[in-house]
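A, B, ... follow the sequence lines: proteins, then strands. Residue 1 opens every chain.
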Amino acid sequence: MTVGPTQSHPPRRIARTKPLVIPPLARSLYLTSLWVPLIGLGLFFLYPLALIVQRSFVQRDGNLGVGNYIDVLSMGHILGVVRNSLVMSGLTTLICVLLGFAIAYLLQRTRARLRWVISIALLLPLLAPSLVQALGLIFLFGRNGLISQATGWNLQIYGLWGLVISNSMYALPQAVMIIQASLRQSDTRQYDAAMMLGATPWRRFVDITLPNARFGLLSAAFVCFTVTITDFGNAAVIGGNYRVLATEIYAQVVGQMNFNMGAVIGILLLIPTLMAFYIEKIAAQRHTSGATEGAMPVAPDRRLLRDIPLGILGYGTAVFLIAVVATVVYASFVTLWPYRLDLTLRNYNITAQGGYGPLWISLIVSTQAAVIGTLMLFMLVVSQRRLGRGMAKAVYLLAIVPVGVPGLVLGLAYVLSFNVAGAIPGMLYGTTLLIALCNFYHYHSQGFLTMVSGIRAVPAQLEETVTCIGGNTLQGLRDVVLPIMLPTLVAVFFFLFMRSMVTLSAVIFLITPRLSVGAVSVLRLDQAGFATQAAAFSVCIMAVVLVALGMMKIALALVSRKPQVAQ
Amino acid sequence: MQLKIRNLEKYYGQFQALSDVDLDVGDEEFVCLLGPSGCGKTTLLRIIAGLEPYSAGTLELAGKDLSTVGAQNRGFGIVFQSYSLFQHMTVADNIGYGLRIRKTPPVERAAKVQKLMELVHLQSFAQRYPYQLSGGQQQRVAIARALAVDPALLLLDEPLSALDARVRNDLRLEIRDVQRRLRIPTIMVTHDQEEALIMADKIVCMNAGKIEQIGTPKEIYSRPRTRFVADFVGISNFLTPQLAQTVLPDLGSHAPDAQHLLALRPEDISVSISDGAQACITHASFLGNVTRLTVDLGETTLLAESHHSQGLKTGDRVAISVAPDAGVWVRA
């Protein structure tokens with residue numbers, strides 16, 4: 001019965017591993033939930049992207065070659081446009097990271113009063129299409145701006161500075177969120193150890209806080225750069241004569257129907273973002289979280305010399321953000337901005353540009369994107385967990401690539417892929433479903449990462465316990481995965497919904513005369529000279545997003561409520 | 001014979017995680033898989049559970065081949081180190097989960113759950129949720145949940161490692177007691193030799209994917225067959241045959257061959273003051289019930305144990321002696 005250690009064999013041919021016995025139901029469920037999202041990524045992300053690359057090499061004479069690239073680069077102004085874009089995004093990124101760090105530090109590490117006001121102010125830009133920032137700035141500082149009129153100054157808000165300010169307002173909340181998360185991962189024991197060694201507060205900040213936040217700062221810079229270099233709304237509203245890539249690509253495609261040239265500029269747009277993406281990934285690999293298990297977070301404290309300057313920056317920013325959005329809301333009720341400021345509801349009687357139709361379409365699109373997206377992402381992360389390490393990593397990389405593709409490029413890619421006659425893809429063009437899919441894949445990465453961190457909280461051993469007790473895959477999903485994932489599902493659902501409500505850069509290419517969305521209406525109304533109606537329409541979008549946000553808060557509170565003891 | 005494993009092998013790519021594992025688990029037997037981390041003991045348990053594929057070999061339960069039976073249908077109970085309870089279910093619902101899956105009528109289920117809660121002393125906690133229980137209580141729930149379905153085999157994967165010393169001690173005895181009463185064959189993975197010695201009917205000592213020795217706790221401790229076992233379970237001094245002859249002239253046994261070493265437990269060496277002797281105490285550690293001495297013999301150093309009453313201290317010149325039948329010859 002007892003068998004001692006056998007003499008070691010010479011290395012034998014490796015036996016074929018007998019696969020685990022998995023019931024057919026479980027196997028087919030697993031295969032479906034792996035392949036449906038992957039095929040989705042292939043059809044609605046990789047294929048359009050490949051097509052845009054291919055189209056950029058199709059010359060005017062129909063042959064393949066780099067002719068389009070030569071044409072674009074020899075267009076006298078294009079290098080200037082590229083430079084403009086880089087300068088604008090570079091400045092915006094710098095402002096957002098510096099200001100974002102100050103505000104994140106104020107929120108996370110100090111005990112300044114009324115920090116919640118700042119947190120709420122930072123939510124405002126996320127509620128509306130990006131161009132609402134520009135709209136508000138113009139209402140305040142434009143030629144007919146409230147402040148320009150009152151003071152008689154000519155502030156030259158149209159152009160680079162207007163763009164930088166409005167884009168900074170748009171990107172800042174995202175930067176603060178990322179940096180704040182990295183500041184949250186701290187361990188007070190590191191600070192205690194440094195203090196015992198005699199380090200001053202400043203040294204502790206330089207030697208512990210900054211290195212630990214480095215990765216967060218880099219991620220924030222990446223996000224700010226990517227969202228602003230291709231932002232279309234602000235550029236169209238406040239850019240003036242300062243031409244950037246986003247408006248240029250639109251002019252080429254929609255203005256001159258020059259799809260191949262548009263494709264080339266799209267590829268040019270991909271280069272900086274993919275570079276930033278690559279740098280961030282390299283840094284992420286080197287990054288080891290400063291916090292270890294059982295870490296005690298650093299307790300916020302009070303230090304006037306630090307808190308007063310930080311407070312001025314933080315509250316100043318908050319007041320500015322609130323003022324801009326409040327101005328838009330105010331302007332939406334004003335008869336004739338800024339000359340006749342008596343209140344009216346007339347601006348809400350919108351008949352031009354399809355009236356409120358696009359708002360309903362936005363609602364439909366956003367609901368579709370949220371339902372499809374949440375389901376696909378859930379299927380993907382659940383099945384990804386069962387893959388081997390190599391495959392899981394490949395799926396992970398594929399799932400986060402979309403974040404490196406600017407919305408404008410994705411939108412253009414969709415036009416090239418789906419605005420075709422006859423074929424099956426052509427059937428999708430002009431439907432809300434295609435816009436929903438475009439929005440979903442535009443925000444695929446953020447949703448995926450949220451899902452991944454959600455599923456990490458699901459204990460694999462509890463699933464195995466269910467299997468050993470005799471439960472099948474569906475029972476495992478119902479009793480182990482879903483109860484823990486529910487808050488994540490709610491968060492991802494509303495994230496996709498809210499983003500779909502306000503995004504402009506990708507959908508601007510997908511609208512047709514019969515099918516338009518809310519964010520586009522705001523742009524069109526403003527361009528048609530109905531600035532106050534554009535404001536009214538933005539207020540409606542903000543209201544919808546606010547309602548969604550409130551519903552999310554309620555849903556989250558309901559699903560993450562701890563069961564109470566029935567004594 | 002309940003469970004019968006023959007020639008089991010497991011590869012992860014080129015790495016051989018288990019080689020030629022043969023193991024039998026009898027009815028009512030409590031078997032401990034003991035070994036350092038990475039020795040393959042958890043892999044073996046997971047293969048038995050059906051949670052991990054294997055490369056070659058056979059697994060049979062009561063004469064029935066297990067290779068075509070999925071984990072879901074093996075009817076085993078499993079308990080992990082991490083408790084792994086359903087956080088959104090009460091204690092009673094957690095314990096009754098397997099019965100619910102088997103569609104046991106509610107009345108019968110409630111009775112069974114009640115019985116199990118009494119068995120693990122949790123009657124008054126039926127309506128609590130896991131987050132309201134201590135670690136030891138949570139692990140009791142996990143054990144009761146595994147037992148609820150009358151498992152053909154109970155698998156325990158380091159169930160006590162996350163608990164603090166006192167709770168661990170209580171639960172060791174409790175698990176053993178429940179296992180004896182219900183007569184369920186059980187396999188437990190542990191890296192804690194004390195736990196294995198206290199709980200097991202049979203210890204399977206593993207190292208680097210191989211079984212080094214199988215035996216009762218007593219056999220494993222007093223008749224280790226390899227150097228690894230003698231070293232991993234308890235403390236041993238190792239002496240080459242030559243060295244053994246020189247420093248321990250009183251020893252009666254002889255090495256079977258030059259590849260063997262004499263494994264000598266510290267408690268088998270008696271130390272006494274002897275002025276002018278060559279051997280000298282270089283270190284004395286107070287361990288509570290005994291004092292552990294490091295004795296420098298010139299040719300080698302030995303670990304020995306003495307009672308405090310002897311009052312030995314660092315620097316003392318001492319003589320050592322052993323009984324003629326002391327020590328075991330083990331494979332190097």
Open item on the list: Between B:K41 and B:D157, does any NZ, NE, NH1 or NH2 come within less than 4.0 Å of an OD or OE carboxylate oxygen?
Closed with: no
Task: Cationic tip of B:K10 above B:Y12 ring, under 6.0 Å, 45° of axis - done: yes
Open item on the list: Surrounding CZ of A:R456 (heavy atoms of other residues, nucleotides or ligands, distance under 6.0 Å), is the total greater than 12?
Closed with: no
Task: Members of residues 42-50 of chain B whose heavy atoms come closer than 4.5 Å to chain A - done: B:R46, B:A49, B:G50
TODO: Considering only heavy atoms and a distance below 4.5 Å, find which of A:I22, A:I469, A:V480 pairs most often with chain B.
DONE: A:I469
- [ ] Go through the atoms of B:S82 and report whether side chain, backbone, both or neither lie under 4.5 Å from a heavy atom of chain A.
- [x] both
Task: Part of B:F86 within contact of chain A (heavy atom distance under 4.5 Å) - done: both
When the side chains of residues 386-393 of chain A are checked against the rest of the protein, which donor-acceptor pairs come out under 3.5 Å, sequence neighbours left out?
none

Task: Under 4.5 Å from any heavy atom of chain A - which part of B:V79 - done: neither
TODO: Could I get the full list of side-chain contact (heavy atoms from CB on, under 4.5 Å) partners for B:D65, not counting sequence neighbours?
DONE: B:S67
Open item on the list: Pair B:R109, B:D93 - check salt bridge (charged side-chain N to carboxylate O under 4.0 Å, His left out), show working.
Closed with: CA-CA 10 Å; B:R109 195 200 311 162; B:D93 288 343; 5.8 Å; no
Open item on the list: Can you tell me which of A:D479, A:V466, A:N472 forms the most heavy-atom pairs within a distance under 4.5 Å of chain B?
Closed with: A:D479
TODO: Return the option, out of B:V69, B:V204, B:V149, with the maximum number of heavy-atom pairs under 4.5 Å with chain A.
DONE: B:V69
Open item on the list: So that I can tick it off, tell me whether B:K202 and B:D24 are bridged by a salt bridge, with the cut-off set at under 4.0 angstrom between side-chain N and carboxylate O.
Closed with: no
List, one per line, each side-chain donor-acceptor pair under 3.5 Å for residues 488-495 of chain A, sequence neighbours excluded.
none

